[in-house]
Protein chains: 2
Amino acid sequence: MSLKHALLGFLNYGLHTGYELKKVFDISVAHFWNAELSQIYPSLKALESEGLVDMNVEVQADRPNRKVYSITDDGRRELLEWLGTPAESDQVREPLLVKLFFGSSLPKRDLLAVLHKRADDLRGTVAKGQHGREAVRGVARVIGLEREGLFWELTMDAELKHSESALEWTEQAIRQIEAADDEAFNSHPADFATMDTKARVEILDKLKGAVAPAIHTPDQFE
Amino acid sequence: MSLKHALLGFLNYGLHTGYELKKVFDISVAHFWNAELSQIYPSLKALESEGLVDMNVEVQADRPNRKVYSITDDGRRELLEWLGTPAESDQVREPLLVKLFFGSSLPKRDLLAVLHKRADDLRGTVAKGQHGREAVRGVARVIGLEREGLFWELTMDAELKHSESALEWTEQAIRQIEAADDEAFNSHPADFATMDTKARVEILDKLKGAVAPAIHTPDQFE
DNA sequence: TCCAACATGTAACCGGTTACATGATTCA
DNA sequence: TGAATCATGTAACCGGTTACATGTTGGA
């Protein structure tokens, strides 16, 4: 889990309440690590009981009391260790690719509609991303964390680049599908289905041997 | 959830047992939708109780009995409807970007090590992806589902393209970080931390207004 | 002899989301 | 008047992973 570590990261910048941290998440890391208040509060409590953060109640007259958290030395140590450990990628879960994978079961125009919707979404993300990227360094300057600007920009770049390449792929997929033979759609694949069980199993095993080295086995991740 | 729909998708190709489906997942969609047996079995049971699949027990003398599943008309209808519905992207959760975001808290060489590790992993994925892509159409032909080859290839392309662009980004990030001023690292940001609470909150709100339109709000997903 | 493959499952756990609860203040 | 902001949380649920359980057969 890196929510706890992300919280430590922000607390390393200074004191914060849970409510404030939610705001900070939303304007900075939400595109690659979202967090809900209902998860932040218990996580802070857990961090406290682990001795990685301290908490002070700040009594307020007109508003609800605030619980102000700060990072401890142990917390800082834990953060640095985590930051310096290589990160495994999370399991990819991409429903769109599942849909595309079974594209032959679907009328051509339905599949194309699904892909066009994705392309539109991505165009929106790309446009926003370009705007955001320009805003970031200024933001860092305003906030008094100028040196951090580089890193924040790089995370924006990551999203932008990803969106751009995803868009390129989508557009190319659309072109290839448009060009594809109509017979490829709405098909009811017969050969494999009517094979007897043993034959199918044999084929699967043969395939497994052939494809195995090409499969990107998604190993453990934190 | 699309595990159920992925199962329906494969059952639409023909009869399968849970055990077989696991194999099929591993050699085809595992890179974008992994599934464990412990999840497949209950899902099939659920699909059955929803009337989307039928089950027949095949008694075997020398081996454990097999439960052979087949898709029903209702199941086929459900599958087609799901396939034709635009897919929202899953929430992105990228620990590496979290680490990079807090890169200024870390010694330069530690951060670079983390990124080099990622770059190496990606180079491996790209190499495998290229091999795999070439194997796919052949696989489709062997299995008797030649028309499906196009779609399978496109899903391989997606992974390959994504890996390639992620690698490009990583390499560029490494270069920028190598070129960065040493003062940007191991820093203990003081200004923001020593501000009083009210001032910080004000800044956060200002930022929210400025950055909001650039933030890609990750909405609901299925 | 020991491990892999075949074949099915259950149970505990885990991180995360959604919904619900409370209650004051401020602004449109 | 009614919504948004401040500020904290709990509880139910959900999809997925890990670990555990069982028992046979065939090959290294």
Side-chain angles (χ1 to χ4, degrees), chain A residues 1-7 16-23 25-26 30 33-48 55-69 88 90-93 95 98 197-198 200-202 204-205 208-209 218-222, chain B residues 1-7 16-23 25-26 30 33-48 55-69 88 90-93 95 98 197-198 200-202 204-205 208-209 218-222:
Chain A
M1 213 227 317
S2 64
L3 172 60
K4 282 187 183 174
H5 294 102
L7 293 171
H16 281 293
T17 68
Y19 192 83
E20 246 177 76
L21 282 163
K22 168 62 173 164
K23 279 194 176 179
F25 266 74
D26 283 350
W33 205 278
N34 188 46
E36 299 297 330
L37 275 171
S38 60
Q39 204 192 350
I40 291 174
Y41 287 126
S43 296
L44 286 170
K45 198 174 270 184
L47 284 171
E48 197 198 350
M55 189 268 284
N56 270 71
V57 177
E58 198 178 281
V59 180
Q60 298 190 128
D62 51 340
R63 304 233 155 251
N65 293 344
R66 316 160 85 238
K67 295 189 173 177
V68 181
Y69 289 89
E88 309 292 333
D90 245 325
Q91 257 284 7
V92 179
R93 303 230 163 241
V98 178
T197 326
K198 298 287 156 189
R200 280 214 318 275
V201 172
E202 260 170 55
L204 286 178
D205 281 336
K208 205 177 181 179
D219 279 330
Q220 78 279 30
F221 45 93
E222 313 168 63
Chain B
M1 209 228 315
S2 63
L3 171 61
K4 281 186 184 175
H5 294 102
L7 292 171
H16 281 294
T17 68
Y19 192 82
E20 246 177 76
L21 282 163
K22 168 62 174 163
K23 278 193 177 182
F25 266 74
D26 284 348
W33 205 278
N34 187 46
E36 299 297 330
L37 275 171
S38 59
Q39 203 190 351
I40 291 174
Y41 287 126
S43 297
L44 286 171
K45 198 175 269 183
L47 284 171
E48 196 197 351
M55 189 268 283
N56 269 71
V57 178
E58 198 179 281
V59 180
Q60 299 191 128
D62 50 340
R63 304 232 155 253
N65 292 344
R66 316 160 84 238
K67 295 190 173 177
V68 181
Y69 290 88
E88 309 293 332
D90 243 324
Q91 257 284 7
V92 179
R93 303 227 163 242
V98 178
T197 325
K198 298 285 157 192
R200 280 215 317 275
V201 172
E202 259 170 57
L204 286 178
D205 281 336
K208 207 177 180 179
D219 279 329
Q220 79 277 28
F221 44 93
E222 314 168 64

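All of these numbers come straight from a predicted model, not from anything done at the bench. First the proteins, then the strands, lettered A, B, ... as listed; each starts at 1.
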Nearest-angstrom distance from the residue atom CD of E48(B) to P of dG9(C) | 10 Å

Which atom pair, heavy atoms only, marks the closest approach of V98(B) to S2(A)?
-> CG2-OG, 4.4 Å

Using distance alone, with no hydrogens and no angle criterion, decide if E36(A) and N34(A) have a side-chain donor and acceptor under 3.5 Å apart.
-> yes

Can you see which heavy atom on V59(B) is nearest to which on N65(B), and at what distance?
-> CA-OD1, 3.3 Å

Tell me: CG of N56(B) to P of dT8(C), nearest whole Å?
-> 13 Å

Between E88(B) and P95(A) the two heavy atoms that sit nearest each other are O-CG, 4.2 Å

Where the side chain of T17(A) meets the backbone of E20(A), is there a donor-acceptor pair that is under 3.5 Å apart?
-> yes

Taking all non-hydrogen atoms of both residues, which atom of K45(A) and which atom of Y69(A) are closest, and how far apart?
-> N-OH, 4.3 Å

To the nearest Å, give me how far apart CG (L37(A)) and C1' (dG16(C)) are.
-> 14 Å

Has the side chain of S38(B) got a donor or acceptor atom sitting under 3.5 Å from an opposite partner on the base of dT18(D)?
-> yes

OP1, OP2 of dT8(C) versus side-chain N and O of K22(B): anything below 4.0 Å?
-> no

Indicate whether OP1 or OP2 belonging to dG16(D) is found under 4.0 Å from a side-chain N or O atom of Q91(A).
-> no

Can you find a side chain N or O atom of Q60(B) that sits less than 4.0 Å from OP1 or OP2 on dC6(C)?
-> no

Sequence-distant partners of F25(A), side-chain contact (heavy atoms from CB on, under 4.5 Å), two or more places apart | L3(A), A6(A), L7(A), F10(A), V29(A), W33(A), A35(A)

Phosphate oxygens OP1/OP2 of dT10(C): is one of them under 4.0 Å from a side-chain N or O of K45(B)?
-> yes

Can you tell me how far P of dT5(D) sits from CZ of R66(A), to the nearest Å?
-> 17 Å

The helix from dT1(C)-dA28(D) to dA28(C)-dT1(D): angle between end helix axes, five pairs per end, rounded to 10 degrees = 30°

Between R63(A) and dA7(D), does any side-chain N or O lie under 4.0 Å from OP1 or OP2?
-> no

Rounded distance (Å) that lies between atom C1' of dT5(D) and atom CG of D26(A) | 14 Å

Select one nucleotide: of dT17(D), dG9(C), dG15(C), the one nearest the side-chain heavy atoms of Q39(A).
-> dG15(C)

Heavy-atom pair with the smallest gap, counting every atom of S43(A) and Q39(A) | OG-O, 2.7 Å

Please report, rounded to the nearest Å, how far the P atom of dA7(C) is from the CE atom of M55(B).
-> 15 Å

Candidate nucleotides dG16(D), dG9(D), dC6(D), ranked by approach to the side chain of L3(B) - the nearest = dG16(D)

Ignoring backbone atoms, establish whether K4(A) has a side-chain N or O less than 4.0 Å from OP1 or OP2 of dG15(C).
-> no

Rounded to whole angstroms, how far apart are CD on E20(B) and C1' on dA7(C)?
-> 11 Å

Quick note, K67(A) side chain, CB onward, closest among dG9(D), dG16(C), dC6(C) is dG9(D)

Quick one: N65(A) CG to dG23(C) P, roughly how many Å, whole number?
-> 15 Å

Which of dT8(D), dG16(C), dA5(C) is nearest the side chain of Y19(B)? It is dA5(C)

Does R93(B) have a side-chain nitrogen or oxygen under 4.0 Å from the phosphate oxygens OP1 or OP2 of dT17(C)?
-> yes

For DNA chain C, whose closest nucleotide is more 5', that of Y41(B) or that of E36(A)?
-> Y41(B)

